[in-house]
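Nothing fancy with the numbering, it's 1 onward along the sequence. For ligands, and for the atoms within them, numbers begin at 1 and follow the listed sequence.
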Amino acid sequence: MILNNYRSGFVTLLGRPNVGKSTLLNKLIGEKITITSPVAQTTRNKLKGILTTEKSQIIFIDTPGIHKPHHLLGKKLVENAKSAINGVDLILLIFDSNFEPGRGDQYIKDFIMTNKYQFIVVLNKCDLLKADKRHLRKKQYREIFGDNLITLQEVSAITGEGCSELINLVNNYLPEGPLLYPKETLSDQPLKTIFSDLIREQVLLNTREEVPHSVAVNIEKIDEIKNHKKDKIQKLTAVLATIIVERKSQKGILIGKKGSMLKDIGQSARLNMIKLIDGPVYLELFVKVIPNWRKKESRLIEFGYEDDS
Ligand code: GDP
Ligand code: MG
């Protein structure tokens, strides 16, 4: 049932890499639509995750963290984060409550203040802190933001603590409005992008530092194949993907002994794809070396680092 005073709007998740933005988004939506990783900067383009309830439709925008650019790719990530803020109704400023507010947080705060955005401070990973530390952190963050801070919420994107409270708080900030996307929509991203991210996630998780961010995944093809099994017709989704690295040595690492690494990556990514689309998946992976792809603008666009300004 949709009520009369229905609310809808856009909410950006903003924060430094690794504070748990993507994990929180997945928790709030209740599905795995964005990749999370112990390695910073795994979120590439901004991604919308949509939560539709009886009271509201919240369109969350996940962004890469704001940080100082290092090279072309880094600069793009920062530009993306800033463009994800324009015109939104609310910003969730996400912090890792393991850490005291620092200089980087001041940068984010100043950025918000000068632009006069509505915001909620979200202290994530509260499951990792004892009660006295949690109390202290809340006090420290309140001090940093001073009178400008109206709402602060502690959450754990892992256990889910504080998440329903956070959703209620977000609702208070949204304007009255209709559904902006059909009720069942979870994300505005094409399946291709989500599949590509699921593979990229496994590459980063399995190889850690050895294959850094110079990896891209290109989904060449997604086919729906119909299998006739006895009297039943079974649908199978066949995915063909290429993992692109910058150096030959990285290709070796990715493939592993007798192909074992690539097999593990493919198997884990495939299981997540099955969960996402709720049906069988066949996945074929290739590895290709393209030196310096990150420095080439046309390649960035080809591999999904789109310029959407
Ligand atoms: P992002 O860069 O801000 O999107 O961060 P991610 O969502 O990728 O998370 C970074 C790391 O922090 C991952 O290893 C997550 O599992 C972990 N993490 C995120 N939220 C929590 C939390 O609430 N509690 C704990 N213990 N770990 C978390
Ligand atoms: Mg992320």
Assess whether a salt bridge exists between Arg134 and Glu161, defined as any Lys/Arg side-chain N lying under 4.0 Å from an Asp/Glu carboxylate O. yes
Answer yes or no: is there a side-chain heavy-atom contact under 4.5 Å between Cys163 and Leu24? yes
Under 4.0 Å to a heavy atom of Ser156 - the qualifying atoms of ligand 1, by number: 23 (O)
How long is the span from the CG atom in Asp96 to the CG atom in Asn18, to the nearest 0.5 Å? 8.0 Å
Report yes or no: do Phe195 and Ile225 belong to one cluster of Ile/Leu/Val/Met/Phe/Trp/Tyr joined by side chain heavy-atom distances under 4.5 Å? no
Report yes if some N/O of Ala157 lies less than 3.5 Å from some N/O of ligand 1; otherwise report no. yes
Just which atoms of ligand 1 are under 4.0 Å from any heavy atom in Ser22? 4 (O), 7 (O)
Proximity of Asp127 to ligand 1 by residue part, where a heavy atom lies under 4.0 Å: side chain
Do Tyr117 and Ile144 sit in one hydrophobic cluster, given that two such residues count as connected whenever their side-chain heavy atoms are within less than 4.5 Å of each other, even indirectly? yes
Nitrogen or oxygen of Asp62 less than 3.5 angstrom from that of ligand 1: no
Single-linkage hydrophobic cluster, 4.5 Å side-chain cutoff, Val155 and Leu129 together: no
Considering only heavy atoms, does Val19 approach ligand 1 within less than 4.0 Å through its side chain, its backbone, both, or neither? both
Numbered in order shown, the ligand 1 atoms found under 4.0 Å of a heavy atom of Leu128 are 26 (N)
